Amino acid sequence: MFLDYLFVAFFVLALMAGIVRSVLSGDLTIFNTMLQAAFGSAQTAFEIALALTGILCFWMGLMQVAEKSGLMPRLAGWISPLLRALFPSIPEGDPALGKIFMSISANLLGLDNAATPLGLESMKRLQELNKGASRASDAMIMFLAINASGLTLIPTSIMAFRMQAGSSNPADVFFPILLVTLISTTTAIILVATKQRINLWQLPLLLFFSFIALFIALVVGLKQVLSPELFSTYTTLAASLILLSTITLFLVSGLRAKIGVFSTFVEGAKKGFPTAVKIVPYLVAMLVGIAVFRASGAMDFLIEALRYIVTLFGGDTNWIEALPTMLMKPLSGSGSRALMVDAMQTYGADSFVGRITSIVQGSTDTTLYIIALYYGAVGIKRIRYTLGYSLIADAVGLVASVVIGYLFFVS
């Protein structure tokens, strides 16, 4: 329902702005400009989705190799102490933990909509443990909070969008996204664990939080002692090395398991195509609506109004153009995705705004959509404190996106 109102609002407000502009300034070409922007954006949306298809197929193929080779189950075994600490109500050895790990893995790899089916499977098993109740269980709330916080290790789709937008280094947002997603996810875990009276002093949780703290301290420390050029060089090198090492690890694990790496990769890659195809209509609809809204001048009016408000409080306004994406992100994935693409096309993929919107899109998630979809799929009506705590984690993540964006990309 929200997307219905949003989609219509883009066109209604754009038409009103166009009428006002034509009357006040005498610009009689504004409506033709709006139409051209709509048609051009529809074509652009398809081209972007085509590039995204290749990236999704690639990572879905790699994930299939990792799963068939036994690497994913082994990783699940290594991380099981942490999962058992976070989900104490799930019996040890229950398949729910494995399903949760696979869902989280898809999010870690930034596989966008591909993570949704795995998440729904996890919720179905959690509802079985919940014995069909209409009240969300503690395990469900923790799972939803982690999903809504946008935990991402490799921002696959974001790098694909940046590559399509002409970025000279699509992976330069790798570390910023990783930092922000760790901050927002840690916030969500601490909030929910405290509410559920989960002992945060357990060794797996202490190791997890210590790693995050040390990682953040290391990155901030390097920023302080290195020149901006060296800092950018080293972080880009580290990001590229991590990505290539992950790819190699997945493929070598398949070779060692003697599973037929190529055929397994192709089998998994086929799953990426329908996932990408599903995105096309949403991307077309939202990009066209935003293009008309921007061409009418209504977007500029909105941004200038936001800039004025921030200026009143004495804040820096270089990030303001990213605010529409930030505000949309908890509400709509397709809406925020389209706003990110629009920002990169308008200001440049490697502009400060283009990078901030990429960080936001890659490190937080569509909280309201996830809660409605996952709970609705299993008949949960009483969601308890899921929404409030998830939105707090989102707010922390959005603020962190701007702060870390300045840390990385402003000398």
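Since the structure is predicted, the reported quantities are computational estimates derived from the model, not experimental observations. In what follows, residues are counted from 1 in the order of the sequence shown.
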Query raised in the report: Counting only N and O atoms by type, is there a donor-acceptor contact under 3.5 Å from the side chain of S240 to the main-chain atoms of L237?
Result: no
Query raised in the report: With no hydrogens and no angle check, is any side-chain donor or acceptor of S227 less than 3.5 Å from a backbone partner on L230?
Result: yes
Requested in this report: Verify the distance criterion only: is there a donor paired with an acceptor across the side chains of T264 and Q64 at less than 3.5 Å?
Outcome: no
Query raised in the report: Hey, what do you get for OH (Y375) to NZ (K381), rounding to the nearest 0.5 Å?
Result: 15.0 Å
Query - Nearest non-hydrogen partners of S358 and M340, listed with the distance - result: CA-SD, 4.0 Å
Query raised in the report: Within a strict 4.5 Å, meaning less than it, do heavy atoms of the D300 and F293 side chains meet?
Result: no
Query - pair Q202-L82: side-chain heavy atoms closer than 4.5 Å - result: no
Query - Shortest non-hydrogen contact from N318 toward V353 - result: O-CG2, 3.6 Å
Query raised in the report: Looking just at side-chain N and O atoms, do Y234 and E229 make a donor-acceptor pair shorter than 3.5 Å?
Result: no
Requested in this report: Give a yes or no answer on whether the side chain of S351 reaches the backbone of G348 with a donor-acceptor pair at less than 3.5 Å.
Outcome: yes
**Report entry** Heavy-atom closest contact (S137 atom, N130 atom, distance)
**Finding:** CB-OD1, 3.6 Å
Query raised in the report: Do N147 and S103 come close enough that some side-chain heavy atom pair is under 4.5 Å?
Result: yes
Query raised in the report: Between Y389 and Y385, how do the two ring planes meet: parallel, tilted or perpendicular, split at 30° and 60°?
Result: tilted
Report task. Please name the pair of heavy atoms, one in Q127 and one in V378, separated by the smallest distance, quoted to 0.1 Å. Result -> NE2-O, 3.1 Å
Query raised in the report: Looking at I189, L182, L214, which hits side-chain contact (heavy atoms from CB on, under 4.5 Å) with F209?
Result: I189
Query - Distance (rounded to the nearest 0.5 Å) between T44 OG1 and L287 CG - result: 7.5 Å
Query raised in the report: Going through the checks in order, is the side chain to side chain contact (heavy atoms under 4.5 Å, CB included) test met by I247 and W59?
Result: CA-CA 9 Å; I247 293 169; W59 282 102; 3.9 Å; yes
Query raised in the report: Taking the side chain as C-beta and beyond, is there a heavy-atom pair between M102 and E67 under 4.5 Å?
Result: yes
Requested in this report: Any chance you could measure I146, atom CD1, to L86, atom CG, to the nearest 0.5 Å?
Outcome: 5.0 Å
Query raised in the report: Is the number of heavy atoms from other residues, nucleotides or ligands within 6.0 Å of CZ (F215) greater than 12?
Result: yes
Requested in this report: Taking the side chain as every heavy atom from C-beta outward, state whether T346 and M299 have any atom pair closer than 4.5 Å.
Outcome: no
**Report entry** Shortest non-hydrogen separation from S363 to S184 and the atoms involved
**Finding:** O-OG, 3.6 Å
Report task. Determine, step by step, whether F409 and F352 satisfy the ring pair (Phe, Tyr, Trp, His ring centres under 6.0 Å) criterion, reporting the C-alpha distance in whole Å, the side-chain angles of both residues, the deciding distance to 0.1 Å, and the verdict. Result -> CA-CA 7 Å; F409 303 117; F352 183 63; 7.3 Å; no
**Report entry** Salt-bridge contact D172-R162 (side-chain N to carboxylate O under 4.0 Å)
**Finding:** yes
**Report entry** Carboxylate-amine/guanidinium proximity below 4.0 Å for K329 and D394
**Finding:** no
Query - Check: V288 and F10 side chains under 4.5 Å, non-hydrogen atoms - result: no
Report task. Give a yes or no on whether the backbone of M163 and the side-chain of S167 come within a donor-acceptor separation of less than 3.5 Å. Result -> no
Report task. Using the side chain to side chain contact (heavy atoms under 4.5 Å, CB included) rule, take K271 and M63 through it: C-alpha gap first, then chi angles, then the decisive distance, then the call. Result -> CA-CA 11 Å; K271 300 176 183 177; M63 194 168 179; over 6 Å; no
Query raised in the report: Once you round to the nearest 0.5 Å, how far does CE of M142 lie from CD1 of I100?
Result: 10.5 Å
Query raised in the report: Hey, would you say the F231 and F408 ring centroids sit under 6.0 Å apart?
Result: yes
Requested in this report: Show your reasoning for whether side chain to side chain contact (heavy atoms under 4.5 Å, CB included) applies to L126 and I90.
Outcome: CA-CA 8 Å; L126 291 176; I90 298 178; 3.6 Å; yes
Query raised in the report: Are M34 and F31 side-chain neighbours, meaning at least one heavy-atom pair lies under 4.5 Å?
Result: yes
Query - N/O donor-acceptor pair under 3.5 Å between T386 side chain and I383 backbone - result: yes
Query raised in the report: Under 3.5 Å, is there a donor-acceptor pair linking the side chains of D350 and S168?
Result: yes
Query - Option among T185, T187, T186 that satisfies the side chain to side chain donor-acceptor pair (under 3.5 Å) test with S149 - result: T185
Report summary line: Heavy atoms of A136 and R384 approach each other most closely as O-NH1, 2.9 Å
Query raised in the report: With no hydrogens and no angle check, do the side chains of T357 and T325 hold a donor and an acceptor under 3.5 Å apart?
Result: no
Query - Close side-chain approach of L207 and F211, heavy atoms under 4.5 Å - result: no
Query raised in the report: Just checking, any donor-acceptor pair under 3.5 angstrom between side chains of D27 and T29?
Result: yes
Query - From CG (L179) to CD1 (I404), nearest 0.5 Å - result: 4.5 Å
Query - Test applied, salt bridge (Lys or Arg N to Asp or Glu O under 4.0 Å); reference residue, E321; option that passes from R307, R294, R355 - result: R307
Query raised in the report: Within the distance-only criterion (no hydrogens, no angle test), does the side chain of Q224 pair as donor or acceptor with the backbone N or O of G221 below 3.5 angstrom?
Result: no
Requested in this report: May I have the step-by-step check of side chain to side chain contact (heavy atoms under 4.5 Å, CB included) for Y374 and F143, ending in yes or no?
Outcome: CA-CA 10 Å; Y374 283 24; F143 178 65; 3.9 Å; yes
Report task. Taking T181 for its side chain and I177 for its backbone only, find out whether a donor-acceptor pair lies under 3.5 Å. Result -> no
Report summary line: Here the gap from R125 atom CZ to L97 atom CG, rounded to the nearest 0.5 Å, amounts to 10.0 Å
